[in-house]
Amino acid sequence: MRRRIIAGNWKMNMLKSEAKQFMVELIPLVKDAKCEIVLCTPYTDIHRVYKLSLGTNIGVGAQNVSWADKGAFTGEISADMLKEVGASYCIIGHSERRAYFGETDESVNKRLLQALKCGLKPIVCVGETLDEREGGLTEKTLARQLTEGLKGAEGDIIIAYEPVWAIGTGRTATPETANETIAFIRKIVTPLIGETSILYGGSMNAANAQSLLDMSEIDGGLIGGASLKSADFSIIVHCK
Ligand code: PGA
C-alpha cells in the first residue's frame, strides 16, 4: 500500500479560467509520471478539472467533506456531491481547517468515516504547531491527532504530516526532521490502519522536493503554494 503520491492542495485559489490553463499546461508535462498525481481543488473547480483530467493520469480531490449524508447543514458539501462532480479523493483535517474553522480530532474522525463509507480516498492531515514543537509536545500532539482521528477507520487512508510552522512560511522541515517524525507517525498508524503512504507537506517546492522525497519514510508530498504553477508542480511529480 505504500506508494509515491504527489498531491496538490490549491486551497482557495484558481478561478475557472486559471484552472483550465493550469490543466492544459500540466497534462503533457506529467503524462509519463510514475507516481499517483492528485489535485485537491476548490469545490467550484472540481468538475471542470475532472472533465479536463479524463483520460489522463491525474486524479481530482476536494479539500474537505461533510460527515453527514445530506440535509440541513448549510454550507457543507456531501461525499456523494463530491463524487458526482468527479472527486475521488478528499483532504481531511488540514491545519487551516483546524485553526480557522474549528475542526477538531472528533470532527476529523467523523468526516473520515463518512469519506470511507462513501468511497472517497481520504488524505488525513496531522501536524504540530511551533509552540508544540518547541515545548517538546510534537509526539504527544501527533499521537492524539492520529488515535482520535483514525478511530474505527479502515481502508485506503493516506496520511499527510504537515508541521503547522512549515505551511506557507517558506520554512520547510529538514529532510531529517520530517523523516524522523514520519517514522514516529508510521509506528502509530500501522497497527491502526495497516501500511499506508505518508506524505510530507509544508513549503515543499521544486527546489527542495527531491531531498525530502529521498528520505526513506517520506512516500510523497502534499503541496500548497508550489501546486499552483504547473511547471513547479511537474518538477515535484518527476522527482525520483
Ligand atoms: P504549502 O502548503 O506547500 O504552501 O506550505 C502545504 C499545505 O498546506 O498543504
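Worth saying up front: this structure is predicted, and the values here are computed from it rather than measured. In each ligand, atom 1 is the first atom listed, and ligand 1 is the first ligand listed.
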>> Would you say CD of E18 has more than 12 non-hydrogen atoms from neighbouring residues, nucleotides or ligands within 6.0 angstrom?
In response: yes

>> Suppose I only count heavy atoms of A166 and a 4.0 Å limit; which atoms of ligand 1 are within that range?
In response: 5 (O)

>> I157 and side-chain contact (heavy atoms from CB on, under 4.5 Å): which single residue from I123, L112, V189 fits?
In response: L112

> Does G168 have a heavy atom less than 4.0 Å from any atom of ligand 1?
Replying inline: yes

>> Checking contacts here: is it the side chain or the backbone of I167 that comes within 4.0 Å of ligand 1, counting heavy atoms only? Could be both or neither.
In response: both

> atom 3 (O) of ligand 1: which protein heavy atom is closest, and how many Å away?
Replying inline: G224 N, 2.9 Å

> Quick one: nearest non-hydrogen protein atom to atom 2 (O) of ligand 1, plus distance?
Replying inline: K11 NZ, 3.2 Å

> Under 30°, 30 to 60°, or over 60°: which ring-plane class applies to W67 and F73, parallel, tilted or perpendicular?
Replying inline: perpendicular

> Going by the atom numbers of ligand 1, which of them fall below 4.0 Å from some non-hydrogen atom of E162?
Replying inline: 6 (C), 7 (C), 8 (O), 9 (O)

>> Which heavy atom of V164 sits nearest to which heavy atom of G127, and what is that distance?
In response: CG2-O, 4.0 Å

> Knowing that exactly one of E139, R186, R133, E128 qualifies, which makes a side-chain hydrogen bond (donor to acceptor under 3.5 Å, both in side chains) with T181?
Replying inline: R133

> Which of the atoms in ligand 1, numbered in the order shown and given with their element, are less than 4.0 Å from a heavy-atom of G202?
Replying inline: 5 (O)

> Is a donor on one side and an acceptor on the other found under 3.5 Å between the side chain of Y89 and the backbone of I91?
Replying inline: no

>> Tell me whether ligand 1 is touched by S227 - counting only heavy atoms on the residue side and a distance under 4.0 Å.
In response: no

> What atoms of ligand 1 come closer than 4.0 angstrom to any heavy atom of H94?
Replying inline: 7 (C), 8 (O), 9 (O)

>> Using a strict threshold of under 4.0 Å (side-chain N to carboxylate O), is an ion pair present between R98 and D105?
In response: yes

> Looking only at atom types and distance, does a side-chain atom of R3 sit under 3.5 Å from a main-chain N or O of M1, one as donor and one as acceptor?
Replying inline: yes

> For ligand 1, is S203 a contact, meaning one of its heavy atoms is under 4.0 Å away?
Replying inline: yes

>> Using a 4.0 Å cut-off to any heavy atom of G225, which atoms of ligand 1 qualify?
In response: 1 (P), 3 (O), 4 (O)

